[in-house]
2 protein chains.
Amino acid sequence: MPKDRAPTRIQKKNRAAILEAALNVFSAHGFRGATVDQIATEAGLSKPNLLYYFPSKEAIHTALLSGLLEIWLAPLHDLDESGDPLHEILSYIHRKLQMSRELPRESRLFANELVQGAPRINDALSNDLKTLVDEKTKILTHWMDQGKIARLHPYHLIFSIWALTQHYADFDVQVRSILGDEDPFEGADPFIDTLYRKLLTP
Amino acid sequence: MPKDRAPTRIQKKNRAAILEAALNVFSAHGFRGATVDQIATEAGLSKPNLLYYFPSKEAIHTALLSGLLEIWLAPLHDLDESGDPLHEILSYIHRKLQMSRELPRESRLFANELVQGAPRINDALSNDLKTLVDEKTKILTHWMDQGKIARLHPYHLIFSIWALTQHYADFDVQVRSILGDEDPFEGADPFIDTLYRKLLTP
DNA sequence: CGTGAGTTTGACCAGATGGTCAAATCAAGA
DNA sequence: TCTTGATTTGACCATCTGGTCAAACTCACG
């Protein structure tokens with residue numbers, strides 16, 4: 001394992017390569033389905049060399065998840081109480097859908113974890129995520145109280161946004177096997193936009 | 001492997017026990033994460049004994065999936081052109097949500113497959129599923145043409161139903177870590193009902 | 001009963017996999 | 001250039017895992 005000093009040029013490069021490769025492999029095969037050898041090969045390293053940078057398979061996975069959780073939650077973080085309610089929510093939805101389009105591996109990485117009961121990120125869910133969601137549902141409820149948007153169960157409103165947007169990344173195979181050549185997001189964007197405009201109009 | 005005659009009492013019992021155990025294990029850990037030993041133990045059999053009934057791990061998985069696909073698609077199958085459009089669609093949605101509640105393992109079994117690119121059921125997707133969906137979207141489009149329901153992209157309408165209902169089974173941990181003690185389906189049912197009533201009203 | 005088919009299992013195997021280690025190689029500053 | 005720490009690797013290990021097999025056991029039926 002590299003010493004605890006400032007990372008060298010080589011360390012930076014290799015750590016980044018490992019995390020990039022790990023994202024590919026973990027998102028495609030899940031934790032158990034991924035092999036250290038596969039990650040090492042994809043990162044252009046030998047297995048022992050990879051294990052020189054991370055002490056274990058688990059450590060790579062943890063580093064990857066915790067590094068990405070922030071990115072993943074950023075759009076919700078940005079939901080602004082002082083903005084226009086409908087615009088704020090639609091912006092959030094739009095960003096989430098864009099993330100499904102541009103970061104499908106990240107979406108599937110989390111999906112893999114969650115479907116299997118999130119054995120390695122339960123803490124983050126119950127703490128960071130719950131706190132953030134509680135904070136933002138308060139804003140939503142406030143908007144509903146003011147009659148700015150339709151009254152709905154705020155938690156389920158958020159779940160619906162997650163479900164509808166991430167579906168296109170997580171179940172990409174299914175979506176594409178039905179749509180054929182049509183770009184899923186071409187139709188998804190206006191559909192979801194219409195849906196939430198109708199739903200949120202008081 | 002048992003002979004090709006009519007199954008004995010013991011064969012029936014053990015085959016059923018194996019499939020039940022396999023559903024538990026595969027849905028919780030994915031194909032790669034499941035072990036034959038674990039399935040055997042959960043079914044109350046030794047590993048060689050299990051492999052006396054199914055020739056391989058893969059065979060168990062295949063048997064399970066193909067057996068459940070029919071059940072899984074039944075609600076969509078029942079969508080009836082001659083019924084009242086809004087009622088037919090809402091019934092479908094309600095049944096799907098109920099399946100998430102009562103058959104979460106089945107939902108996660110498919111979710112695990114799909115998230116990882118459906119390496120073992122790609123055929124079924126491109127054939128059976130696509131055919132069924134094409135058939136039913138035709139009905140939806142017809143209803144839209146008649147002005148009975150709002151005009152929407154029919155494929156994305158179906159995707160949205162899948163996403164919203166299966167979310168509660170597939171990402172159960174996440175939903176519960178946010179809702180706490182509250183029963184997810186208690187709030188989900190009216191929320192989704194409201195959503196589609198608003199969305200589908202022309 | 002007795003017998004043959006159906007069922008079960010302990011012992012075993014080969015390959016995969018996560019991880020270790022000492023030795024070899026490389027890179028950068030004195 | 002030389003030295004020292006950083007980096008890389010081949011060889012190796014223990015464990016897990018899917019699967020096999022021959023022998024033992026059980027059951028249903030004549």
Side-chain angles (χ1 to χ4, degrees), chain A residues 1-65 112-113 116 119-120, chain B residues 1-65 112-113 116 119-120:
Chain A
M1 198 165 29
K3 290 293 164 59
D4 211 358
R5 308 180 188 166
T8 67
R9 172 182 55 88
I10 295 176
Q11 277 173 38
K12 275 190 196 171
K13 192 191 58 160
N14 283 344
R15 276 182 197 277
I18 290 168
L19 290 176
E20 169 70 16
L23 176 57
N24 278 333
V25 179
F26 281 133
S27 70
H29 304 288
F31 181 78
R32 192 83 165 31
T35 74
V36 176
D37 251 322
Q38 208 181 342
I39 298 173
T41 301
E42 196 145 328
L45 301 173
S46 66
K47 185 169 60 164
N49 197 8
L50 179 149
L51 290 167
Y52 169 72
Y53 290 99
F54 289 89
S56 68
K57 180 183 177 181
E58 181 103 32
I60 305 172
H61 193 254
T62 302
L64 193 58
L65 278 175
N112 260 305
E113 257 317 272
Q116 298 182 10
R120 282 166 288 272
Chain B
M1 198 162 29
K3 292 292 163 61
D4 211 358
R5 307 179 189 169
T8 68
R9 172 183 57 88
I10 296 177
Q11 277 173 37
K12 275 189 193 170
K13 194 191 58 161
N14 283 344
R15 276 181 196 277
I18 291 169
L19 290 176
E20 168 71 15
L23 176 56
N24 277 333
V25 178
F26 281 133
S27 70
H29 303 289
F31 181 79
R32 192 80 162 37
T35 73
V36 176
D37 251 322
Q38 207 181 341
I39 298 172
T41 300
E42 196 144 329
L45 301 173
S46 65
K47 185 169 60 164
N49 197 7
L50 180 148
L51 289 167
Y52 168 72
Y53 290 99
F54 289 89
S56 69
K57 180 182 177 182
E58 181 103 30
I60 305 171
H61 193 254
T62 303
L64 194 57
L65 277 176
N112 260 305
E113 255 321 272
Q116 296 181 12
R120 281 167 287 274

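Numbers restart at 1 for each chain; the letters A, B, ... are given by sequence-line order, proteins then strands. Atoms considered below: every heavy atom in the structure, side chains included; atoms not considered: hydrogens, waters and symmetry mates. This structure is a prediction, so every number in the text was calculated from the model and none was measured.
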Nucleotide [N], atom [atom2] - distance to [atom1] of [X] in whole Å:
X       : N      : atom1 : atom2 : value
A:Leu45 : D:dG10 : CG    : C1'   : 16 Å
B:Lys13 : C:dG6  : NZ    : P     : 17 Å
B:Lys12 : C:dT7  : NZ    : C1'   : 17 Å
B:Asn14 : C:dT9  : CG    : P     : 10 Å

Please name all residues satisfying side-chain contact (heavy atoms from CB on, under 4.5 Å) with A:Ala59, sequence neighbours left out, ordered by chain then number.
A:Pro55, A:Ser56
Residues which pass side-chain contact (heavy atoms from CB on, under 4.5 Å) with A:Thr62, listed by chain and number, not counting sequence neighbours:
A:Glu58
Roughly how far, to the nearest 0.5 Å, is the CD1 atom of A:Ile18 from the CG atom of A:Leu64?
11.5 Å
Polar atom pairs between nucleotides 15-20 of chain C and protein, under 3.5 Å, N or O only, would you list them?
{"from": "C:dT17", "atom 1": "OP1", "to": "B:Arg32", "atom 2": "NH2", "distance (Å)": "2.4"}
{"from": "C:dG18", "atom 1": "OP1", "to": "A:Ala34", "atom 2": "O", "distance (Å)": "3.3"}
{"from": "C:dG18", "atom 1": "OP1", "to": "A:Lys57", "atom 2": "NZ", "distance (Å)": "3.0"}
{"from": "C:dG18", "atom 1": "OP2", "to": "A:Val36", "atom 2": "N", "distance (Å)": "2.9"}
{"from": "C:dG18", "atom 1": "N7", "to": "A:Lys47", "atom 2": "NZ", "distance (Å)": "2.8"}
{"from": "C:dG19", "atom 1": "OP2", "to": "A:Lys57", "atom 2": "N", "distance (Å)": "2.8"}
{"from": "C:dG19", "atom 1": "N7", "to": "A:Lys47", "atom 2": "NZ", "distance (Å)": "3.3"}
{"from": "C:dG19", "atom 1": "O6", "to": "A:Lys47", "atom 2": "NZ", "distance (Å)": "3.3"}

Given [N], is OP1 or OP2 found less than 4.0 Å from the side-chain N or O atoms of [X]?
X       : N     : value
A:Gln11 : D:dA6 : no
A:Thr8  : D:dT7 : yes
B:Asn49 : C:dT9 : yes
B:Ser46 : C:dT8 : no
B:Tyr53 : C:dT8 : yes
A:Tyr52 : D:dT8 : no

How would you list all residue pairs meeting side-chain hydrogen bond (donor to acceptor under 3.5 Å, both in side chains) that involve residues 39-48 of chain A, not counting sequence neighbours?
A:Asn24-A:Glu42
B:Glu20: what forms a salt bridge (charged side-chain N to carboxylate O under 4.0 Å, His left out) with it, not counting sequence neighbours?
B:Arg105
Of the non-hydrogen atoms in B:Val25 and B:Ala34, which two are nearest, and what is the gap between them?
CG1-CB, 3.4 Å
Can you see which heavy atom on A:Leu19 is nearest to which on A:Ile60, and at what distance?
CD2-O, 4.2 Å
Could you write out each protein N or O paired with an N or O of nucleotides 22-30 of chain C at a distance under 3.5 Å?
{"from": "C:dA28", "atom 1": "OP1", "to": "A:Arg9", "atom 2": "NH2", "distance (Å)": "2.9"}

Under the rule for ring-ring contact (aromatic ring centres under 6.0 Å, His included), what residues qualify as partners of B:His61, not counting sequence neighbours?
B:Phe26, B:Phe31
